[in-house]
Number of protein chains: 2
Amino acid sequence: MVPTFVPSDAHVDSGDDEREVRSPTAETLMEAALVLFAARGYAGTSVRAITEAAGANLAAVTYHFGSKEALFEAVLASILVPVGREIRQAHQGPGSPLERIRSVVAALLRYMGRQPEYPRLMLQQLSSTGLPHPVVRRTISGSLGRLRSLVEEGQRDGTIRPGDPTLMAVSLMSQPVHMSVVARPLQEIAGIPGEADALIDRMAEHAAEFAVRALEAREETNA
Amino acid sequence: MVPTFVPSDAHVDSGDDEREVRSPTAETLMEAALVLFAARGYAGTSVRAITEAAGANLAAVTYHFGSKEALFEAVLASILVPVGREIRQAHQGPGSPLERIRSVVAALLRYMGRQPEYPRLMLQQLSSTGLPHPVVRRTISGSLGRLRSLVEEGQRDGTIRPGDPTLMAVSLMSQPVHMSVVARPLQEIAGIPGEADALIDRMAEHAAEFAVRALEAREETNA
DNA sequence: CCCCTATTCATACAAACGTTTGAATTAACT
DNA sequence: AGTTAATTCAAACGTTTGTATGAATAGGGG
């Protein structure tokens with residue numbers, strides 16, 4: 001059964017920057033679990049596989065996290081914090097709305113492209129039925145909100161064309177998430193040569209340009 | 001274990017349009033399996049869940065398909081054929097390259113948005129590590145090739161701006177796949193009101209416009 | 001009616017699953 | 001050295017997993 005999410009409101013998030021303190025074993029377990037969950041999914045990853053990869057005892061997951069599902073949630077939360085931060089930073093940067101949108105898209109793609117486990121886990125959540133885990137939902141909803149506000153700002157000062165700001169934000173978000181995930185298989189499928197990191201950089205440039213072009217207001221419309 | 005794909009070259013595909021003939025039970029199994037695989041993933045779906053949903057005996061999967069994995073491959077192949085056909089039709093339609101790109105994006109999004117299992121299964125394949133199943137790879141590679149050739153055609157006649165046609169094709173493809181999958185969760189996350197089908201239609205319009213704007217050559221560049 | 005092939009069915013199997021248990025080990029403090 | 005708490009460990013628990021088996025049930029031609 002896929003982890004479902006009884007509200008479990010016993011959880012603090014107000015400060016958005018708590019330093020979770022964990023034993024070394026717990027850290028190692030989370031690192032191993034991240035890789036395996038991203039590669040094979042939640043149901044496809046056994047507790048035994050995780051503990052073996054981490055060099056820990058089979059009972060370590062139950063002892064340190066309580067259950068496999070709790071470990072999964074901890075992993076999910078741990079990766080979404082930096083993703084949210086990445087977007088927040090680029091969002092608060094200098095420049096016009098369009099320029100900031102460009103840097104959000106490029107930065108996000110570069111970040112995720114180098115940690116492919118992150119977007120993979122996000123996509124796994126999105127592509128199952130039922131609502132994604134609340135921690136995923138919160139991050140996505142926050143990031144979409146920031147992107148939408150950038151779009152609206154640009155629409156107000158006339159540099160961004162009219163259109164539904166929410167859908168525009170979704171399109172912006174889909175580029176980094178989708179492309180960072182397909183980058184690796186794409187090298188084989190489409191026969192793209194070269195180093196993986198170089199491809200990510202090219203993709204970041206491309207996606208940012210693609211996004212800006214799609215949004216900017218024409219200088220010479222029929223007005 | 002996620003289905004891996006020993007080449008298994010004993011498989012005919014030349015004609016691209018074989019009418020697979022199956023018993024009614026096999027058909028029912030595939031329909032039930034499609035829904036469950038898309039909802040919970042391969043590892044998260046048990047043979048018992050499939051046969052129960054199909055109203056068939058537990059042994060039916062082994063008898064009709066040989067194994068759970070073979071059933072999965074049959075399901076995968078069955079959904080990718082119509083997806084490939086959808087793209088091929090829009091690709092061969094009338095109009096300029098940009099207009100045909102617009103209708104590929106819109107048609108694909110409308111099609112997938114109404115059969116969410118299709119893009120879900122595709123994304124599941126893409127978001128695991130390791131190469132996707134060959135049948136997925138072939139469809140994606142074919143579709144990307146068609147999109148890329150449209151882009152190149154438009155670049156030749158000057159209606160599409162310069163840029164890497166392969167990356168452009170990937171961006172085009174990512175819009176329908178990604179948006180059709182996130183449509184449902186997005187209604188809750190972003191609080192989009194209205195009927196699901198109406199949202200799909202709005203998304204199709206939006207994504208097509210987004211794509212065309214991103215690609216078209218400016219009439220008034222500094223040339 | 002009988003035989004033959006195709007399909008369904010209940011049941012069984014070994015393997016893998018997440019979790020529990022209680023003893024062994026480690027580390028810190030008195 | 002002695003006490004206590006935290007952690008690790010090997011083993012076992014009861015389920016659930018995918019697949020195999022052999023008997024039961026059809027449905028046509030002879």
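We use all heavy atoms of the structure for the numbers below, so side chains are in, but hydrogens, waters and symmetry mates are not. So that the names make sense, note that chain A is the first sequence line, chain B the second, and so on, each numbered from 1.
- When the C1' atom of D:dT17 is taken as reference, atom CG of B:Leu71 falls 16 Å away, rounded to whole Å.
- What separates CZ of B:Phe72 from P of D:dT17 is a distance of 18 Å, to the nearest Å.
- For the pair A:Asn57 and D:dT7, the criterion of a side-chain N or O lying under 4.0 Å from OP1 or OP2 is not met.
- In this structure, A:Thr25 reaches the D:dT8 phosphate: one of its side-chain N or O atoms is under 4.0 Å from OP1 or OP2.
- Heavy atoms from other residues, nucleotides or ligands lying under 6.0 Å from CZ of A:Arg184 number 12 at most.
- A:His64 has a side-chain polar atom (N or O) that falls below the 4.0 Å cut-off from OP1 or OP2 of D:dT8.
- Figure legend: A:Lys68 and A:Tyr42 shown as a cation-pi pair, the cationic atom lying under 6.0 angstrom from the six-membered ring centre and within 45 degrees of its axis.
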List, with names and distances, any nitrogen or oxygen atoms from the protein found under 3.5 Å away from nitrogen or oxygen atoms belonging to nucleotides 14-20 of chain C.
residue, atom, partner, partner atom, Å
C:dG18, OP1, A:Val47, N, 3.4
C:dG18, OP1, A:Lys68, NZ, 2.9
C:dG18, OP2, A:Val47, N, 2.8
C:dG18, N7, A:Arg48, NH1, 2.9
C:dG18, O6, A:Arg48, NH2, 3.0
C:dT19, OP2, A:Lys68, N, 3.0

Exercise for review: Using the side chain to side chain contact (heavy atoms under 4.5 Å, CB included) rule, take B:Ile140 and B:Leu126 through it: C-alpha gap first, then chi angles, then the decisive distance, then the call.
Suggested key: CA-CA 10 Å; B:Ile140 292 183; B:Leu126 253 4; 3.8 Å; yes

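- Counting to the nearest Å, the P atom of D:dA10 and the OH atom of A:Tyr63 are 17 Å from each other.
- Proximity of A:Gln115 to A:Ile79: side-chain heavy atoms (C-beta onward) are nowhere separated by under 4.5 Å.
- Here the P atom of nucleotide D:dG18 and the CD atom of B:Glu52 are 12 Å apart, to the nearest Å.
- Note that the CD atom of A:Gln124 and the CD atom of A:Glu117 stand 10.5 Å from one another [nearest 0.5 Å].
- In summary, of the residues considered (A:His206, A:Arg110, A:Glu195), a side-chain contact (heavy atoms from CB on, under 4.5 Å) with A:Asp201 occurs for A:Arg110 alone.
- Remark: P of D:dT17 and CD1 of B:Ile50 are 11 Å apart, rounded to the nearest angstrom.
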